[in-house]
Structure formats: C-alpha cells, structure tokens
Amino acid sequence: MSTTARTVVELIVNNHPGVMSHVTGLFSRRAFNLEGILCGEIGNGTQSKVYLLVNNDDRLEQIVCQLEKLYDVKEVSVRDDYDNTIFTRLHDLVTNAQ
Amino acid sequence: MKLSGAEIIINLLERQGIDTIAGIPGGSNLPLYNALFKSKIIRHILVRQEQAGGFLAQGMARSTGKTAVCFATSGPGAVNLITAIADARLDSVPIVAITGQVAHSLIGTDAFQEVDTYGMTVPITKCNFLVRSAAELLTVIPEAFRIAASGRPGPVLIDVPKDVQLQQIEFNTWPQPGKKEGLAYFDNDALLRAAAMINEAKRPVIYAGGGAMYSGISKEVIKLAEKNGIPATLTLMGLGLMPHDHPLYLGMLGMHGARYTNNIVHESDLLIALGVRFDDRATGKLAEFCPSAKVIHIDIDKSEIGKLRRPEVGITGDLAAVLPVLVDLVGADKREEWVKRVETEKQKYPWSSQNADDGMHPLEIIKEIAAASNDDAIVTTDVGQHQMWVAQGYPVKSPRTLLSSGGLGTMGFGLPAALGAALANPKKQVICFTGDGSILMNIQELATLDEHKLNVKIILFNNGYLGLVRQQQELFFEKNYIASHFKSNPNFTAIAEGFGIEAYQVDSIGDLKTTLPLVMAKDGPALINIYVDHTHNVLPMVPPGAANLQMIGG
Ligand SMILES: Cc1ncc(C[n+]2csc(CCOP(=O)(O)OP(=O)(O)O)c2C)c(N)n1
C-alpha cells in the first residue's frame with residue numbers, strides 16, 4: 001500500500017452510536033477520499049480517538065474545517081508526524097486474512 | 001418536581017419563548033401533543049402535510065430571525081419533513097424539528113412507522129439528536145436552540161422515542177434556555193489588511209448575501225458602500241440588504257442578474273465578499289468569475305472561506321462585529337470614475353423592463369402588485385420563472401422581507417412559508433408569488449390559511465407550464481418539450497373558493513388594475529389567478545455552466 005501523499009487526521013469524538021455515521025457521511029457527501037479508519041475508546045469510555053487516513057492534497061483544509069463543525073467532534077488535528085505504517089500493517093492484516 | 005419527558009419538552013419550549021408550533025400528530029408523538037394540550041402559551045398550527053409544517057416554521061424564522069419549531073410523528077411524518085429540513089440547511093435557517101420515534105425497545109425491529117430518522121437527517125441538519133432518556137432532554141433541548149441560532153444558523157432535529165416522552169423523572173431545577181452565542185473574535189490584523197486593500201482598490205465591488213442578512217448589518221453594508229464609494233451587488237439570499245433604488249446598488253448578480261451587473265462585477269479589481277458562499281448560480285463558471293479581482297471574504301463559517309475561491313484576505317467572524325470596524329477603517333472616497341463607469345454600463349444595458357404587447361409581462365405585473373401592496377409587506381416566492389422575475393423586478397426595500405428557497409430551490413415553499421411569515425408578523429401583509437406547478441405541491445395549505453384567516457395574498461402566475469423547465473428545454477434541449485406542459489390545468493379560483501378563500505380571475509392588465517385595490521384593501525386571504533403567456537422567458541440568462549459574461553438576452 002502506497003503511503004505517499006497521505007496523512008492522518010486525528011479526532012477526539014464523543015463516544016455514541018451516531019458519531020461514525022456523521023464522520024463517514026461527511027466524507028461520502030463531500031466526495032473526500034477516505035483511505036482508512038482506526039477507532040478506539042479513550043479515558044473512561046465517554047470519548048473515542050479516531051485516526052483517518054486521507055490524501056494530503058489541497059482538499060485537506062476543507063476536510064478539517066468540515067470535521068470541526070461536527071457537534072460530536074471535539075478535537076481535530078492533522079498528524080504529519082504520525083507513523084502511518086500502522087495503516088500499512090492493518091492493510092497487511094486485512095489482505096492476509098483472506 | 002416530577003414530570004414526563006413530553007411535559008419537559010413543552011415546558012422547555014415555553015421557556016425558550018416559543019409561542020407557535022406547526023405540526024401534525026400521530027402515534028409516536030401523541031404524548032407530546034397531550035402535554036401541548038395543557039400549554040397556555042403555545043398555539044399549535046395544524047398543517048395538512050408535515051413538509052408544510054417545516055416550511056411554515058421557516059417562514060417564521062426567516063422573517064424574524066428567531067428559531068422556530070415544528071413537530072412530526074415517526075415514520076411518514078418524519079420523512080415528509082425531510083425536504084423542509086434540507087431546505088433550511090442550504091439556506092442556513094434556524095429551525096428545531098422535534099419528531100416522535102417508536103419506543104426504544106422497538107428501535108431496529110422494523111416496527112410500525114419506524115424509520116431511521118436520525119440516520120436520514122445526518123447530512124441535512126446542522127446537528128441532530130436521538131434522545132435516550134427523559135433526563136437527557138434537559139440538556140438536549142437548550143443545546144438544540146443554542147446550536148440552531150449560533151454561528152451559521154441551521155436546522156436541528158431531535159428524535160424522541162415514545163417511551164422517553166412518557167418517562168417520568170424527578171428533578172429540581174430547569175436549565176437555562178439555549179441562546180445564540182455571539183462571536184466577538186476576529187483577526188484584527190487581517191481586517192487592517194482588508195481595509196488597506198479597499199483603500200487602494202480602483203474598482204471595488206461589494207458582493208453580499210444571506211450571511212450578511214442574518215447578521216443584521218444592512219445599515220453597515222450601506223455605510224461601507226457610501227463611505228468608500230463602492231457599488232454593491234446582492235445574491236438572491238441577500239436581496240433587501242440594500243434598498244432596490246440606492247444609487248450604489250447594482251442589483252442581483254449571476255444567472256438571472258442584469259447584464260450590466262455581471263459586467264461590472266467582472267471588471268472589479270477587488271471583491272468584498274460578505275456572508276456569501278460563491279454559489280454557482282451567483283458566480284457562473286467559477287474559473288472565469290472576476291478574473292482580475294483580489295478577494296476579501298468575511299464569513300462566520302470558516303469552512304466557506306477558500307472553499308471555492310481562495311481569498312487574498314479571509315476573515316472568520318460575525319459580520320455584526322467585523323463590519324462596523326471595517327467601516328471605521330476605510331477612508332472616505334467618492335470613486336467618481338468607477339461610479340461613472342457603472343453608470344455608463346447601466347445606460348448601455350438598461351434594465352428596461354421587458355414589455356409585452358398586452359402589458360401582461362410578468363415583470364409588469366409584479367410592478368403593479370408591488371405598487372398596490374403595503375410598503376412593509378413580506379414577499380414569499382415559490383420556485384421557477386416567477387421566482388426569478390420577482391427577484392429581478394420586485395422592489396425589495398428591507399432585509400427579511402423577501403423569503404425564497406435559494407439553495408435547495410424547493411417548489412412548494414411559497415405558500416406555507418407565507419403562512420409562517422403571516423403568523424409571526426400579524427400586522428403585516430404577506431404576498432406569495434407562485435406558479436401553477438409550485439402551488440400544487442402544497443395546495444392543501446389553503447385549508448390552514450382559511451382556518452387562520454391570515455393576511456396572505458396569493459399571486460398565481462398561471463402559464464400552463466413548468467415554466468422554468470420549458471425555458472431550459474427551449475434554449476438548451478432543442479425545444480423538445482417533454483413533461484413541462486400541463487395538459488390538464490385545474491380551475492384554481494374554484495379550488496381556492498372550495499377551501500373558503502376569496503379568488504379572483506385576471507385576464508388583462510385592466511382587470512389587474514381594478515382587482516388589486518379590492519384585494520389589497522381588506523385583510524385576510526385571497527388568491528388572484530393571472531394567466532400569463534407561457535412563451536415569456538426569464539432574461540437575461542447565463543447558460544448553466546457558462547461564465548457570467550456569456551449572457552443570453554437582456
Ligand atoms: C420539488 C421540486 N421539484 C422539481 C423542481 C424542478 N423545477 C424547477 S422550476 C420548475 C417549474 C416550476 O413551475 P411553476 O411553479 O409553474 O413556475 P414557473 O416556472 O412556470 O413560473 C421545476 C419543475 C424543483 N425546483 N422543485
């Protein structure tokens with residue numbers, strides 16, 4: 001899996017059943033590419049951390065702006081420093097499991 | 001105190017200052033209606049279709065700026081409401097929709113009248129909630145009102161399962177009502193740069209829209225224009241920000257703007273974009289929009305800045321806070337040369353009203369109606385040719401007096417929005433311009449109109465066609481008229497009378513001149529059916545996808 005020109009957007013979100021549909025719905029409705037998602041509970045379980053693997057292109061700024069507007073999204077940061085090989089390993093896991 | 005979820009909702013709505021709710025009851029929201037039965041403050045307006053309830057709420061919100069509320073039951077009720085919510089989203093209108101939902105234990109079982117209202121409204125609301133307990137209502141209801149009105153306004157939906165409406169809880173204090181949060185902060189350095197750019201510009205143009213309207217800064221827009229000699233154009237959503245006869249007013253821009261307006265905007269070297277979103281109906285082909293202009297873009301929604309056109313200076317902020325400072329910062333200037341250039345262009349392409357031999361061109365009819373109606377009348381439109389003619393020809397005098405579905409362009413908006421405007425402004429006259437296609441989309445609301453005897457005058461441009469579709473087929477689809485001609489045309493005066501509404505038939509300009517004073521002199525509902533020649537086209541026109549300079553006609 002190529003990781004060039006990709007970056008990771010990190011979200012802190014309220015942990016309730018509708019949040020993922022808000023986040024993924026945004027990507028499909030606004031025709032943004034979403035290459036991978038990782039999600040897990042943090043703290044006492046009231047919030048989750050979400051990593052979104054996205055293209056690092058001129059639409060990134062707009063993606064971030066739109067994510068910031070979601071009610072259940074508490075924090076948005078672009079993590080250029082993030083080791084996105086974790087997504088590569090995930091990719092390996094998914095393909096090897098076939 | 002111990003109250004049910006339904007009682008808590010009604011109480012909280014009263015505390016929010018809500019005095020009118022539009023809706024229709026059904027199985028899943030009957031507890032809510034039972035609680036409403038006991039309210040002495042809130043009157044319920046029983047609409048005849050939930051979509052109309054949503055538009056009625058919009059009519060109240062658009063005309064007053066205050067968040068308005070509508071109710072629907074689960075399943076079909078909620079689904080009927082969807083169009084009005086999507087419409088509110090695209091035009092940033094603050095409404096709170098409260099829908100009934102099947103009981104929690106039944107959610108996900110395909111129960112009777114169960115649909116995933118929450119899931120369906122994710123992309124069309126500013127925010128939505130599925131309430132899981134009566135206690136949650138104490139935070140969700142005020143939150144909904146805060147969100148609907150703050151920042152860029154928009155619709156919020158609250159889905160309340162029936163068991164939550166019935167659940168009794170014990171609690172001690174009421175929460176504070178949700179209020180609009182001000183946004184005082186903006187980037188002052190950027191504003192200084194903006195002011196310097198304006199002072200240095202040779203051919204600046206103000207381009208203002210719905211955001212400026214909602215910020216209530218019509219006076220500051222005019223001041224900015226007058227102080228620095230800046231001509232101003234408005235979008236459909238901004239009409240009324242500047243009086244139509246102001247010397248610096250350029251008219252509406254874009255697809256059905258005047259040719260001189262689009263030419264002048266094109267020539268500008270600085271575009272001052274205030275509460276606009278560079279919609280394609282306004283800009284035409286974006287790559288060719290104002291090619292030599294720098295852009296200052298001020299908007300409360302950060303995501304609008306740079307979304308379609310990268311500005312030289314972008315400022316996220318509330319225009320109500322930003323614009324007065326900007327007015328102070330810019331220098332006084334007359335810009336005689338630029339203003340003269342605007343005049344020349346105006347004279348070269350005069351906005352000569354397009355006349356018909358029989359005096360019955362819709363633009364002429366609109367002038368007659370404007371002259372006969374009250375100065376502070378509120379106008380609503382449906383969608384189609386008549387909407388664009390009203391936008392071109394009705395002398396809109398002040399903000400929030402022209403209500404029109406801009407972003408979604410929903411036929412069926414006009415009549416229920418007029419009812420809402422009339423309910424929220426009982427002293428004002430409301431004029432609803434509609435077409436023979438659009439009115440049928442919510443004609444059942446004539447019953448609601450008659451029930452409340454509201455002062456709404458319906459002006460029906462009856463051309464026997466889905467006119468705007470016919471126009472596009474004529475101009476861009478080789479005159480292949482399919483599905484745009486009504487082969488059967490109902491007797492609208494008889495229909496109106498059947499609903500108990502006075503109706504008038506107008507066949508000539510003479511008829512119109514004798515009928516109008518009769519209709520306008522007394523309060524209460526009336527419908528005027530005016531036959532207009534279906535061959536009239538809305539001109540000038542930018543073909544869809546073309547640049548604003550490539551106008552047909554005008
Ligand atoms: C709900 C909805 N369906 C379809 C359309 C597409 N449409 C835009 S204008 C129009 C024709 C409107 O006809 P009418 O109300 O008679 O007005 P006219 O153009 O003749 O003035 C249609 C079908 C729309 N805007 N809204």
Side-chain angles (χ1 to χ4, degrees), chain A residues 5 7-35 37 39 41 43-50 52-80, chain B residues 86 89-90 92 96 101 104 107-108 116-133 136 139-140 142-159 161 178 181 183 277-278 297 299-311 314 316:
Chain A
T7 190
V8 169
V9 178
E10 181 186 304
L11 312 178
I12 308 289
V13 302
N14 284 336
N15 196 8
H16 82 74
V19 176
M20 284 314 266
S21 64
H22 276 101
V23 172
T24 55
L26 186 71
F27 277 77
S28 55
R29 187 167 74 85
R30 299 220 175 241
F32 299 142
N33 279 327
L34 181 57
E35 308 298 333
I37 308 180
C39 178
E41 259 178 36
N44 59 8
T46 58
Q47 294 196 320
S48 295
K49 190 175 270 190
V50 183
L52 304 170
L53 184 65
V54 300
N55 286 347
N56 193 359
D57 57 24
D58 54 5
R59 304 200 68 197
L60 182 60
E61 182 189 324
Q62 183 62 209
I63 294 179
V64 170
C65 281
Q66 294 295 345
L67 285 166
E68 282 172 350
K69 291 206 290 184
L70 295 179
Y71 179 70
D72 284 306
V73 172
K74 296 295 152 195
E75 277 177 51
V76 183
S77 42
V78 178
R79 297 290 303 266
D80 292 323
Chain B
R89 174 79 165 139
L90 277 171
S92 306
V96 171
Q101 181 55 279
H104 262 110
I107 287 181
D116 178 10
T117 306
Y118 180 87
M120 285 195 308
T121 53
V122 164
I124 56 161
T125 49
K126 183 171 177 193
C127 184
N128 61 356
F129 298 93
L130 172 57
V131 182
R132 283 165 292 185
S133 69
E136 259 186 43
T139 49
V140 165
E143 264 299 79
F145 280 88
R146 182 188 65 78
I147 295 164
S150 302
R152 179 178 184 169
V156 177
L157 179 132
I158 311 173
D159 200 28
E181 268 173 6
L183 182 64
R277 56 190 177 88
F278 291 81
H297 192 177
D299 200 283
I300 203 158
D301 181 355
K302 182 178 161 198
S303 69
E304 284 303 338
I305 292 168
K307 182 180 84 178
L308 290 165
R309 168 95 177 228
R310 173 87 29 211
T316 307

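Below, chain A is the first sequence line, B the second, and so on; all start at residue 1. Everything numeric here is computed off the predicted structure, so don't read it as measured data. What you see below is based on every heavy atom in this structure, not just the backbone, and it leaves out hydrogens, waters and symmetry mates.
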**Q** NZ of K302(B) to NZ of K69(A): how many Å apart, nearest 0.5 Å?
**A** 11.0 Å
**Q** Counting only heavy atoms closer than 4.5 Å, note whether E304(B) contacts chain A via side chain, backbone, both or neither.
**A** neither
**Q** In terms of heavy-atom pairs under 4.5 Å with chain A, which of D301(B), L130(B), I305(B) leads?
**A** D301(B)
**Q** Is the number of heavy atoms from other residues, nucleotides or ligands within 6.0 Å of CD (E61(A)) greater than 12?
**A** no
**Q** Show the nearest heavy-atom pair for residues Q66(A) and S303(B), with the distance to one decimal.
**A** NE2-OG, 3.3 Å
**Q** I want to check something: taking the side chain as every heavy atom from C-beta on, are V122(B) and R29(A) in contact at a cut-off of under 4.5 Å?
**A** no
